[in-house]
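Any value given below was found using the heavy atoms of this structure, including those in side chains, with hydrogens, waters and symmetry copies removed. By convention in this document, chain letters (A, B, ...) are assigned in the order of the sequence lines, proteins followed by strands, and residues within each chain are numbered from 1.
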Amino acid sequence: MSEKMPENQTECAISGEPDRTRRRLFLGAVGGTAMASLGGFHIAELALAKSDSEAVSNLARWGLLIDSAKCATDCDACVSGCNTEHNLEDMGRPETDAQWIRKLDLSDQQTGHVSSLPMMCQHCESPPCVDVCPTGASFKRDDGIVMVDKHTCIGCRYCVMACPYKARSFIHETLSNQKSYSPRGKGTVESCNLCVHRIDEDRQPACVEACNTDGKGAMIFGDLNDMDSDISIASSSKPSRQIREDLGLNTGVRYQNL
Amino acid sequence: MARFLETRSIKLMWLKAWIFCAMLSVTLITVLVTSTSTHGDSSIETTTKRTNGVSQCVEPTDIMRRDHMNFLLHQRDKTVREGIRTKQHSLKGCVDCHVKNNDQGEFIPVNAPEQFCAACHTYTSVKIDCFECHATTPDVALSENKADTDQLAKSLSQSLEGTQSVHEANDQSEIGVWSFSHILADASSSTLD
Amino acid sequence: MTEHFKLLKSDHPAYWVVLILLAVFSAVGYGAAHYMDVEGHWVTGMNNQIVWGLPHVFAIFLILSASGALNIASMSSVFSQKDYKPWARASGLLSICLLIGGLLILVLDLGRPERLIVAMTHYNFKSIFAWNIFLYVGFLGLVVIYLWSMFEHGLNKYTGKAGLFAFSWRFVLTSGTGSIFGFLVARQFYDSAMMVPLFIVLSLILGTALFILIMSVISQWSGVSFSDAIVKKLSSLLIGFIALELFLVVVFHLTNLYVTEHHGVEYFILFDGQQYTVLFWLGQVLLGGVLPLLYYFSTSREKTMPELVGLSLAVVVGGFSQLYVIIIGGQAYPLALFPGKTVSSTFFDGAIAHYVPRLPELLLGVGGIAISILLLILTMRVLPFLPDNRAHEAN
């Protein structure tokens, strides 16, 4: 039997996503004993998980909740996590270097109160960058992730002009050593995509992971539409705010204790 | 008469103007469209021996030669816009399978001269810009994943050893990546033997 | 009265020198664009803070001028001002050429200029850029039809209608260009519907002034002269536009000053913006507005052609300064994410953005102007756009 392997079996073993394969095996076949050896999956996540061939839907809306009180001024774990994940290299030209996430230090001009927070694409429900893009390259996925389709981006930078959060970067030079899951290249605009490649395999964005392991645990990622998700529970119990609420964009990224 | 002459000379001028406009647009188009796209002879023989021992592509070779760009284009929109991440027609899959190692065991970029993508595309002089953004070698993490996957298959077959539920498992699992069920079946049948 | 038109033919030594220079600058401009394309935009002064730089100032300058350059033709066929009629054809042609030059700059400055076809095949109809693609292409088509109706005797009866249509279209076009900035809610200095009338009137000024400057040179080469009547009318037309623009600028800044959240950016542009403040007061207000008005009203006698050229030169510099202040000065002031807080980051939050134009982008911009004028002259050589002196003698 092993002689008659299907033609793309080996390819699958190589390029298949282990996480998903594991989960489906578990779901369909293997008993609880296998669970421990397969790593910790929550039942709730399993129920929501989509297959590779399924399109994302608007049942979920991904977002972030950031607790500014926990976020430390001298900590930039999220920034390093993002830069490593997407290979955002330091070209030695800060004015043109891409930054998907950055740390802001705030100081109240009247009271002198100091706070710190990470700033990135706020994944608006009504994103100005999507409105202005002439080719539709800047778009919002059904699950609320705002991103750039670099295949149709012509590099006009109108979205950079339109973003109220300064979240977008234009690639000013030829790049190399891109990650296979994060294609990036000269002449196109890019910004935080909430690590869409990770979300599609039920993992957390790199910044959140880094904040939890190397930082202060100030970021919660999750589905804003799911009332039982950590992010919904945390944001319903305490007030949170959007940056530039006045624009009415209904951002997917919210801040607490600001 | 003077009126007639004037009309005539204006007609001549229009002719001149048309020629001028045609020349101008040809120049502009040449200036703007820097990338040329031509169809070359597809009988070129490429070296398709792959590092991982897989002998066949995701589609028959003649179909791949003719239509790979359409598969990729379709897949790219599905993946970027809808989050559909099936592997069969993904560019990442091409790279993972068709990349070669050098003597030091390092990956050689698929767009390097003589390599899988470049060999044909140079021959047919069809310029592609895929690799201005996309990785030209598999991620290192991916080969780790491969080891991971192999390990997983092994540990699964061990955990299933001696159990009755093997075939049940195969029936019940709605395995999206169908070929994985065959790995399992193989693994289990070998243990049952 | 039948007008007579002739080809541009000149033995003037300057004519050939200028022609060669224009060709050289066009080629150098394309070379600069190619360099930017190969290297990436880091070779320019533009960055992630100032995302639109000098090329965009040049491009919008030319696009606005293109719309305004049709003034002369519109005065003739829409407002039946016969004195303008000899220059109607030249006005239409200049309009087309300036628009092509401006669009070339915009396209060549794109991050991926080779994907122009994508911009032509993928449309997001909520984008003002997408509207503008149709507005620009439509304008080119309309002016070609308009010119055709002027050239073809049998179609002359349609000139009025074509002119009216083109006249209306160009108001929509400049509204579209103004809306590029007017609809940007993110930025303090934009986000104002005032951008639309500001851009419309600026286009009337720049177009008229560039027409005067360019045609005054070409007319000298080809032995054509502007009639006294048209010089008089053009001067008062231009002065009217200048006064209107100055009024709109005052209204724009006053409305901003009334709103507390805009005080920061207004203070920056009006007092604290270094080069932007200088360009605003000396370039835009003084040279582009106050001085021409003072000069015009200082004597009651009729203005001469050299005076008209001087006025035009001043307002072209003023208008260019105005666009520089709006486009670059407007971006230089940081986004207000946290009003009332001092913000700092590694991404230049809360800081005035730094921008110094570099050679490639300057050459690209100058190249765009050069190719516009080169196209104009070459077309004038093959088709009779220039008024024949007989027309003036008849007058």
Minimum heavy-atom distance between [X] and [Y], given as atom pair plus value:
X       : Y       : result
H56(C)  : V51(C)  : CE1-O, 4.3 Å
F221(A) : P205(A) : CG-CD, 3.4 Å
G252(A) : R61(A)  : N-NH2, 3.2 Å
I105(C) : P55(C)  : CG2-O, 3.3 Å
M46(C)  : G53(C)  : SD-N, 3.3 Å

Is the number of heavy atoms from other residues, nucleotides or ligands within 6.0 Å of [atom1] ([X]) greater than 12?
X       : atom1 : value
H263(C) : NE2   : yes
K179(A) : NZ    : yes
E245(A) : CD    : yes

Which atoms of [X] come close to chain C, meaning under 4.5 Å heavy atom to heavy atom: side chain ones, backbone ones, both, or neither?
X       : value
L104(A) : both
I101(A) : neither
V79(A)  : neither
D76(A)  : neither
L247(A) : side chain

Any donor-acceptor N/O pair, [X] side chain to [Y] backbone, under 3.5 Å:
X       : Y       : result
T255(C) : F252(C) : yes
N212(A) : G217(A) : no
Q331(C) : W52(C)  : yes
T177(C) : L173(C) : yes

- request: Take E209(A) and R198(A), measure what salt bridge (Lys or Arg N to Asp or Glu O under 4.0 Å) needs, and give me the verdict at the end.
  value: CA-CA 11 Å; E209(A) 198 174 276; R198(A) 282 170 164 250; 2.9 Å; yes

In terms of heavy-atom proximity below 4.5 Å to chain A, should [X] be classed as side chain, backbone, both, or neither?
X       : answer
V38(C)  : backbone
L335(C) : side chain
L184(C) : side chain

Among the options [options], pick out the one with the most heavy-atom pairs lying under 4.5 Å from chain A.
options                            : value
F183(C), F347(C), F125(C), F348(C) : F347(C)
G350(C), P339(C), S344(C)          : S344(C)
G330(C), S345(C), P334(C)          : S345(C)
V185(C), I180(C), D191(C), I50(C)  : I180(C)
I133(C), N132(C), D109(C)          : D109(C)
F181(C), Y123(C), F338(C)          : F338(C)

query: For chain C, which residues from residues 132-142 of chain A lie under 4.5 Å away (heavy-atom distances)?
result: V132(A), C133(A), P134(A), T135(A), G136(A)

message: Sub-4.5 Å heavy-atom contacts with chain C: which residues of residues 160-174 of chain A show up?
response: V160(A), M161(A), A162(A), C163(A), P164(A), Y165(A), K166(A), R168(A), S169(A), F170(A), H172(A), E173(A), T174(A)

query: Would you call the rings of H86(A) and W100(A) parallel, tilted or perpendicular if under 30° counts as parallel and over 60° as perpendicular?
result: tilted

message: Angle between ring planes, F189(C) versus H253(C), binned at 30° and 60°: parallel, tilted or perpendicular?
response: tilted

message: Could you check whether K341(C) pairs with D108(A) (Lys NZ or Arg NE/NH1/NH2 to Asp/Glu carboxylate O, under 4.0 Å)?
response: yes

